[in-house]
Amino acid sequence: MITKDLNNAKEVLENCGIIGLPTETVYGIAGSAFSDEAIHKIYAIKNRPFENPLILHLADKDQLSALVTHIPDEIEILMKTFSPGPITFLLPKSKKVLDSLTAGKPNVAIRIPSHPVAYQLLSELEFPLVAPSANPFQRVSSVTAQQVEDYFSNDELLILDGGQTNYGIESTIVGFENGRVTLYREGFITISQIEKVINTTIVNKTQSKVVEAPGMYKKHYAPNCEIIIARDIMREIERWKDKNIGLLLLKPMINQLVPFSISLSNNGDTKEALSNLYNALHSLERQKVEVIITHLFPNDDYGNIINDRILKASYK
Ligand code: TXA
Ligand code: MG
């Protein structure tokens, strides 16, 4: 059920229940970070493997010192610059953080969201919230309350409506390894933005073969149909002509050829396209297309992030 009633959401959370939570990146499925029961409900509803840990969400930095044992200087600088906002930090956890939340790992992922509804809720609760993205395991994250409802319609999940999310893509995840800032997942905050702030290069582990932070699972972010990354769009349209095709393009091109066709930015702006990507995948899925034909996006900061997501979505 979708609601705007904060008190209703609070009551569910205070009783170890879980809710759909709007944030500025994507919707989350939130529960008390101090409740094993809530954490288990989150894993269960998402059908998520237990080795994949959850992000802990705080109202502000004041709560941080109780939850982590150390904050490296570079991370502190990044936090000052980008938090509250679409970035998550992996930091060494204190004893207060439940093992079920970090999947037994020594670090805890911490994010301070900037969404006004998330902030309001977090600041009124006596405990922080864990919140993975609000989608079944390996499916596209949700950017509206309705998309969450569509995924979990059988689960009687209360979903707090905060409108469509601003950024439309998950948070960037960074940590600190061997004395260097390390990137585990690219999101709206890019590598260049981070490097500019700390004035040095970072280690990019987003393509790492070892699943350390499973935005790193090979298949991920996938709609429930085939995704074809075409070299020659016209040829693919011809090849799949007997199927219900959806076309996903950077800018308006040959949209009239296919009934379900979405261009992510009128003037080819990859930043705008990134923000619109998940919503577009949800729309195509709702049209029950059988195959999505798309292309590689331009090789720039935001285009590369889109490519990362569509490559993972197309992985079989
Ligand atoms: O924007 C976001 O980050 C959204 C909103 C709801 O805040 N949340 C989100 O959560 O995307 P999720 O669970 O879908 O993705 C979190 C990623 C996972 O790939 C997980 O493996 C990684 O963060 N992660 C969380 N805690 C970790 C830890 N302690 N060590 C390593 N990786 C961790
Ligand atoms: Mg996710």
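Model, not experiment: these values are computed from the prediction. In each ligand, atom 1 is the first atom listed, and ligand 1 is the first ligand listed.
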Contacting atoms of ligand 1, where contact means under 4.0 angstrom from a heavy atom of Ile173: 17 (C), 23 (O)
Spacing of Leu67 atom CG and Leu91 atom CG [to the nearest 0.5 Å]: 10.0 Å
Proximal atoms of ligand 1 relative to Glu170 (non-hydrogen, under 4.0 Å): 1 (O), 11 (O)
Winner among Pro49, Ser133, Pro53 once heavy atoms are compared against atom 9 (C) of ligand 1: Ser133
Close approach, Arg185 and ligand 1, non-hydrogen under 4.0 angstrom: yes
Part of Lys93 within contact of ligand 1 (heavy atoms, under 4.0 Å): neither
Crowding at CG, Asp232 (>12 non-hydrogen neighbours, <6.0 Å): yes
With sequence neighbours excluded, residues passing side chain to side chain donor-acceptor pair (under 3.5 Å) with Arg235: none
Over 12 non-hydrogen atoms of neighbours within 6.0 angstrom of NZ in Lys61: yes
Contact atoms of ligand 1, heavy-atom distance to Pro132 under 4.0 Å: 10 (O), 12 (P), 13 (O)
Backbone or side-chain N or O of Lys46 under 3.5 Å from ligand 1 N or O: no
Element-labelled atoms of ligand 1 that are located less than 4.0 Å from some non-hydrogen atom of Thr25: 1 (O), 2 (C), 4 (C), 5 (C)
Which of the ligand 1 atoms, numbered from 1, are nearer than 4.0 Å to a heavy atom of Ile55: 3 (O), 8 (N), 9 (C), 10 (O), 16 (C)
Nearest option to atom 29 (N) of ligand 1, as decided by whichever heavy atom of Ile29, Thr102, Asn107 sits closest: Asn107
Per-atom contacts of ligand 1 with Ser171, taking only distances under 4.0 Å to non-hydrogen atoms: 1 (O), 2 (C), 3 (O)
Side chain, backbone, both or neither: the part of Glu51 lying under 4.0 Å from ligand 1 by heavy atom: neither
Tyr27, any N or O under 3.5 Å of ligand 1 N or O: no
Contact flag Ser141/the Mg ion (ligand 2), N/O/S atoms, threshold under 2.8 Å: no
Residue pairs, two or more places apart or on separate chains, that pass ring-ring contact (aromatic ring centres under 6.0 Å, His included) and touch residues 271-293: Tyr151-His282
Minimum heavy-atom distance between Ile245 and Val258, given as atom pair plus value: O-CG1, 3.3 Å
Gly85 backbone acceptor or donor facing Arg111 side chain under 3.5 Å: yes
Numbered atoms and elements of ligand 1 in range of Ala109, under 4.0 angstrom, heavy atoms: 25 (C), 26 (N), 27 (C), 29 (N)
Ligand-side contact atoms (ligand 1) for residue partner Gly28, heavy atom cut-off under 4.0 Å: 6 (C)
Ring centre gap for His115 and Tyr27 strictly below 6.0 Å: no
Short side-chain to backbone donor-acceptor contact, Glu149 and Ala145, under 3.5 Å: no
Enclosure of Asn7 CG (heavy-atom neighbours >12, cutoff 6.0 Å): yes
Residue selection (non-hydrogen contact nearest atom 8 (N) of ligand 1) among Gly175, Ala134, Ala131: Ala131
Exam field: side chain Thr294 to backbone Leu248, donor-acceptor pair closer than 3.5 Å: yes
